[in-house]
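To keep things clear, I will list the structure first and then write my remarks on it.
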Amino acid sequence: MAKHKTPLLDQLESGPWPSFVSDIKQEADARAKNEKGLDYQIPVDCPEDLLGVLEMSYTDGETHWKHGGIVGVFGYGGGVIGRYCDQPQMFPGVAHFHTVRVAQPNGKWYNTELLRNLVKIWELRGSGLTNMHGATGDIVFLGTTTPQLEEIFWELTHDLEIDLGGSGSNLRTPATCLGMSRCEYACYDTQELCYNLTQEYQDELHRPAFPYKFKFKFDGCPNGCVAAIARSDLSFIGTWKDEIKIDQEAVAAYVGGEIAPNAGAHAGRDWGAFDIQKEVVDLCPSQCISYDGKLTIDNKECVRCMHCINTMPRALKVGDERGCSILCGAKAPILDGPQMGSLLVPFMEVNKEDDYQSIKDLIENIWDWWMEEGKNRERIGETMKRLGMSALIDAAGVPVDARQVQEPRHNPYIFWKAEDVEGGWDRDINDFRKRHQR
Amino acid sequence: MAFISSGYDPAKPMEGRISDIGPRHFGEYLPPVIKENFGKWDYHEIIEPGILLHVAQSGDKTYTVRAGTARLMSVTHIREICDIADKFSGGYVRFTTRNNLEFQVETEEAAKELKAYLNDQKFPGGAHKFPVGGTGAGVTNIVHTQGWVHCHTPATDASGTVKATMDVVFDDFTDMKLPAPVRISMACCLNMCGAVHCSDIAILGIHRKPPLIDHKFLDNLCEIPLAVAACPTGAVRPSKVELDGETYKTVAIKQERCMFCGNCYTMCPSLPLSDGEGDGIAIMVGGKISNRITKPAFSKVVVPFVPNEPPRWPTLTKTIKKILDTYAQDANKYERLGDWATRIGWERFFEKCDLPFSEHLIDDFRDPAYYTWRQTTQFKW
Ligand code: HEM
Ligand code: HEM
Ligand code: HEM
Ligand code: SF4
Ligand code: SF4
Ligand code: SF4
Ligand code: SF4
């Protein structure tokens, strides 16, 4: 028997797309029945109260969650987000309803043993409701009470050897595309680099020391499956320097219609026969492909947009001299408007042999600069805007390169430094007056 | 309820404490065929909507079945996923960036069998549990944020708007008939946890009323300088008010300067701005992440406001459907939504999608605004 009437939410149970309302109800039922005889450590009826408070929001069009208070586990500044309901008398089950972020396996591969162990903890000590996964990438456990936090952390670390993720002004849980595990386009091992840096920077992840949040995201190629370029302060995007590899026989098979273009992505509609001139040659943004029965690419002019490779994955392969481009400063609109990552390092080797030292050196240079110069709650993209790309390039210790700009500057207000000018800036007014009367 | 101890002793918090160990290594969770061919994949194909084939250099093959989910899921639901993985895919399962599920199986027959099985699983209300699709030139799952389910700043609900939208575009999830992939994203406030600022179609919760000021409590709950500093437009300043004969230290807000970002509320709980009539949704379109053909691009606001209409947000979903259908009809193969709009011209986009253009769509926020005005006489009537 439902505890609260939810006529509005009930309407979200119909329609084909999976219904979170039906799922919460199913969890509410399971907890009420309690077939396993669990001694639930937070209110049994919290899923019902969550539906109740949500229905109330549906009725009056306003959220009923209070501003998060400071909660967490001992020694960590992140990983738990405090949450309290603003109608605790009506919905006591969710009066205290904190979120716990849990570090996900990179690439989000799981076996059922791990998943079952995770949900076992959350069934007993939390609401039984989760987000798989939060937008940042971690597993998000929705809703528990303060006394359970240390217990959850203990069980995660001792029984499952898994840590909390990041929240607050610190390094957020890094996230990656599935890369080499199942993608032929991956130009470097995104998952391994993500894992390595996550481990290396555990301190930065759990103890806020930055002006504001900082995100790493890893895309294996310019297709950008985890959107690194748009939502990470530092994006690592796979790329290559040498030539796209061409299998002319396979090209002929695409032209002959034996292989569907774009791996079959357009199969739902009749677009007519594949036209290599129209669909590949003419669409190449740098016009560096030609086809006369044989496909030729002027690789020096290629901007590695991936279009030709995506269209004919069996005929074209990314080059062999692989690494990543590193971009800095992406963020969502608050405060200064949205920012895309800006290219800082056009090409960096991704070298596991030396434990990715050159990448770590770069990261630490950037952090040192931002921690020194960044204002409170200023994303690094905003610091860059305020102090200039050149200041970042200088701090990062990377060479200046025409590739870092779309085009050169429009104004000649150049901040020359004294050392840039012959004779420096120190001059003698008396000497000047010898040549110019007052 | 009896408290069950995990072994943690609050009197000695450091005893036996383990910290800073990070995630488990992903290598432990790779299905055997994935592990063996790691970094040695040759090519892939989409066999039919929701089923991918990956072929390794060794000739090994693996079939992936992809299914959508509501991102908010219960432990009972996760156990159902585990049961399916145990039964069909050797106990392995993967989540995608856009909250889809993926199961690896060995043969095409097994993939089709699993697809049928997943499509058969329904909630009592009739909704699918694991609808198969989300591949190729179609709509895939919507990445989204918390909404009224769990956040303190939302201007709309996330799970509900996503459910309502996906119900309306469901055909495009299970088929691949669009000119190019369409990525829909949802964020319930300008913070954009979901980073919707680079999506083909974005649903964004916005506020339209300046914060209320809880004068009597503000100084107790907030650091006034932090609230003042938080405002990107300098609308907040320290102030004093006289209430019931007492003087309170508080803030004043220059309302005409407020852009309703909620940043002050983030710093100060005594400045709430949610409001039943004030809050609603902006629709943005034309963003992309990928470097394919054209550069990554920001989404642009094309509908400044639609009201919150829970539970099904009909105006929102009708508008999205209209944009999607117009694009599907008009765009060239491989052309992303934003590239189509750029090609035909945004004035034409509004015309074709039947959307009114209003002064709210002309940017007036700082420098970036300038780059969106037209500096040419090349335009269309
Ligand atoms: C007290 C204030 C805030 C709270 C409680 C908060 C909460 C959250 C939560 C819960 C998530 C994860 C969302 C999810 O996985 O669904 C998140 C992610 C995110 N937040 Fe916030 N947030 C706050 C302030 C901000 C601000 C001020 C910004 C922008 C400057 C921001 C930008 C983002 C972004 C861009 C993401 C995730 C993007 C990604 O990595 O996918 N948040 N935040
Ligand atoms: C010694 C310094 C400068 C001299 C002698 C100078 C001279 C001129 C002259 C002669 C013109 C064209 C007017 C005409 O043809 O009669 C002009 C136009 C202009 N100048 Fe300068 N200028 C100087 C510095 C600057 C500076 C520092 C700026 C920027 C702040 C500037 C911005 C402009 C602009 C925007 C125009 C109008 C151009 C147009 O609308 O086409 N000038 N200047
Ligand atoms: C930092 C800014 C500027 C400085 C330091 C500057 C300096 C000078 C100097 C030293 C002269 C020569 C005066 C003389 O012949 O005795 C001059 C002339 C002139 N400036 Fe500028 N100027 C500046 C900006 C501008 C701008 C922005 C404009 C136009 C938009 C401008 C237009 C002119 C013109 C037209 C003359 C020639 C006047 C004439 O002899 O007919 N100046 N400026
Ligand atoms: S970003 Fe590139 S390498 Fe990574 S999964 Fe996507 S297509 Fe593959
Ligand atoms: S990757 Fe892009 S730029 Fe390079 S040849 Fe192919 S289509 Fe042209
Ligand atoms: S987008 Fe805004 S309202 Fe939504 S979860 Fe993020 S911070 Fe909360
Ligand atoms: S909502 Fe934003 S713009 Fe308005 S007063 Fe608060 S911080 Fe300033």
Side-chain angles (χ1 to χ4, degrees), chain A residues 8 11-13 15-20 22-23 27 30 57-58 61-63 65 67 74 103 105-109 111-112 119 123 128 135 150-151 154-155 157 163 180 184 191 198-199 202 222-224 226-227 229-231 263-266 268-269 271 305-307 313-314 332 335 337-338, chain B residues 6 8 13 18 20-23 26 29 34 39 41 43 45-46 70-72 74-78 82 85 91-92 94-95 97 123 125-127 136-137 148 152 154 159 163 166-167 170 175-177 192-195 197-198 232 269 274 276 289-293 296 298 308 310-311 333 368:
Chain A
L8 292 174
Q11 296 179 47
L12 289 175
E13 293 203 79
W17 190 251
S19 170
F20 67 101
S22 300
D23 189 19
E27 193 58 29
S57 284
Y58 270 53
E62 292 174 359
T63 188
W65 297 101
H67 214 281
F74 193 71
N106 300 140
K108 303 198 182 96
W109 292 97
N111 62 20
T112 53
V119 301
E123 183 173 42
E150 287 291 354
E151 310 296 330
W154 182 278
E155 288 183 355
T157 51
D163 211 330
M180 290 193 165
E184 69 265 30
Q191 287 165 284
T198 308
Q199 293 297 345
Q202 282 294 302
N223 280 332
V226 295
I229 201 167
R231 49 186 206 139
H266 291 85
R269 181 155 139 193
W271 290 93
C305 80
M306 296 297 295
H307 173 65
R314 291 179 71 168
L335 301 170
Chain B
S6 61
Y8 172 73
I18 299 175
D20 299 292
I21 54 172
F26 59 88
Y29 307 108
I34 297 293
W41 294 99
Y43 68 90
E45 271 170 35
I46 305 171
R71 178 185 85 151
L72 196 169
S74 70
V75 299
T76 303
H77 194 63
I78 295 172
C82 290
Y92 295 92
R94 172 175 183 266
F95 292 80
T97 304
F123 284 111
W148 291 332
H152 66 294
S159 308
K163 162 77 174 145
M166 285 308 292
D167 277 346
F170 191 73
D175 206 342
M176 307 188 291
K177 52 187 168 36
M192 286 196 189
C193 299
H197 58 299
C198 297
S274 289
I289 299 297
S290 141
N291 290 275
R292 186 175 187 175
I293 307 180
F298 291 127
N308 276 326
K333 192 176 177 188

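Just so we're on the same page: letters track the sequence lines, and every chain starts at 1.
Using a 4.5 Å heavy-atom cutoff, the side chains of B:Met166 and A:Pro16 are not in contact. Proximity of B:Glu45 to A:Arg314: side-chain heavy atoms (C-beta onward) are separated by under 4.5 Å at one or more points.
With A:Asn111 contributing its side chain and B:Gly91 its backbone, the two residues share no donor-acceptor pair below 3.5 Å. A donor-acceptor pair under 3.5 Å is formed between the side chain of B:Arg94 and the backbone N or O of A:Gly107. B:Asn291 contributes a side-chain N or O that, together with a main-chain N or O of A:Pro222, makes up a donor-acceptor pair within less than 3.5 Å. Side chain of A:Glu151 to backbone of B:Ser6: a donor-acceptor contact under 3.5 angstrom is found.
The line from CG of B:Asp175 to CZ of A:Arg269 is 10.5 Å long, rounded to the nearest 0.5 Å. In this structure, NE2 in B:His197 is found 9.5 Å from CZ in A:Arg231, a value given to the nearest 0.5 Å. The CE atom of A:Met306 sits 8.5 Å away from atom CZ of B:Arg292, with the distance rounded to the nearest 0.5 Å. Summarising the geometry, atom NZ belonging to A:Lys108 is positioned 15.5 Å from atom OH belonging to B:Tyr29; distances are rounded to the nearest 0.5 Å.
B:Ile293 and A:Cys305 make their closest contact through N-SG, 3.4 Å (heavy atoms, listed as atom of the first residue, atom of the second, distance). Nearest heavy atoms, B:Ile21 versus A:Asp163: N-OD2, 2.7 Å. Of all heavy-atom pairs spanning A:Ala265 and B:Ile46, the tightest one is CA-CD1, 3.6 Å. Taking each heavy atom of B:Pro232 and A:Leu335 in turn, the nearest pair found is CG-CD2, 3.8 Å. Between A:Trp17 and B:Lys163, the shortest heavy-atom distance links the atoms O-NZ, 2.6 Å. Looking at every heavy atom in both residues, B:Ala137 comes nearest to A:His266 through CB-CD2, 3.8 Å.
Among the candidates B:Asp20, B:Asp167, B:Val75, B:Ile18, the residue making the largest number of heavy-atom pairs closer than 4.5 Å to chain A is B:Asp20. Between chain A and the residues B:Ala127, B:Cys198, B:Gly125, the most heavy-atom pairs under 4.5 angstrom are made by B:Ala127. Of the residues considered (A:Gly224, A:Gly128, A:Ala30), A:Gly128 shows the highest number of contacts with chain B, using heavy-atom pairs under 4.5 Å. Per-residue counts of heavy-atom pairs under 4.5 Å with chain A were compared for B:Pro154, B:Pro368, B:Ala85; the largest is that of B:Pro154. Contacts with chain B were tallied for A:Leu12, A:Thr198, A:Val226; A:Leu12 has the most, counting heavy-atom pairs under 4.5 Å. Between chain B and the options A:Ser22, A:Pro105, A:Gly15, A:Gly264, the largest number of non-hydrogen pairs under 4.5 Å is found for A:Gly15. Chosen from A:Glu123, A:Glu155, A:Glu27, the residue pairing most often with chain B at heavy-atom distances under 4.5 Å is A:Glu27. Between chain B and the residues A:His307, A:Gln199, A:Gln11, A:Glu13, the most heavy-atom pairs under 4.5 angstrom are made by A:His307. Looking only at heavy-atom pairs under 4.5 Å with chain A, the residue among B:Ser159, B:Ser274, B:Gly39 that has the most is B:Ser159. Of the listed residues (B:Trp41, B:Phe123, B:Trp148), the greatest number of heavy-atom pairs within a distance under 4.5 Å of chain A belongs to B:Trp148. Your options are B:Gly136, B:Ala70, B:Pro13, B:Pro269, and the one with the most heavy-atom pairs under 4.5 Å with chain A is B:Pro269.
With a 4.5 Å cut-off on non-hydrogen atoms, B:Ile78 touches chain A through its side chain but not through its backbone. For chain B, the nearby parts of A:Leu8 are the backbone and the side chain; heavy atoms of each come within less than 4.5 Å. For B:Phe170, the part lying near chain A is the side chain, with the backbone staying farther off; criterion is any non-hydrogen pair under 4.5 Å.
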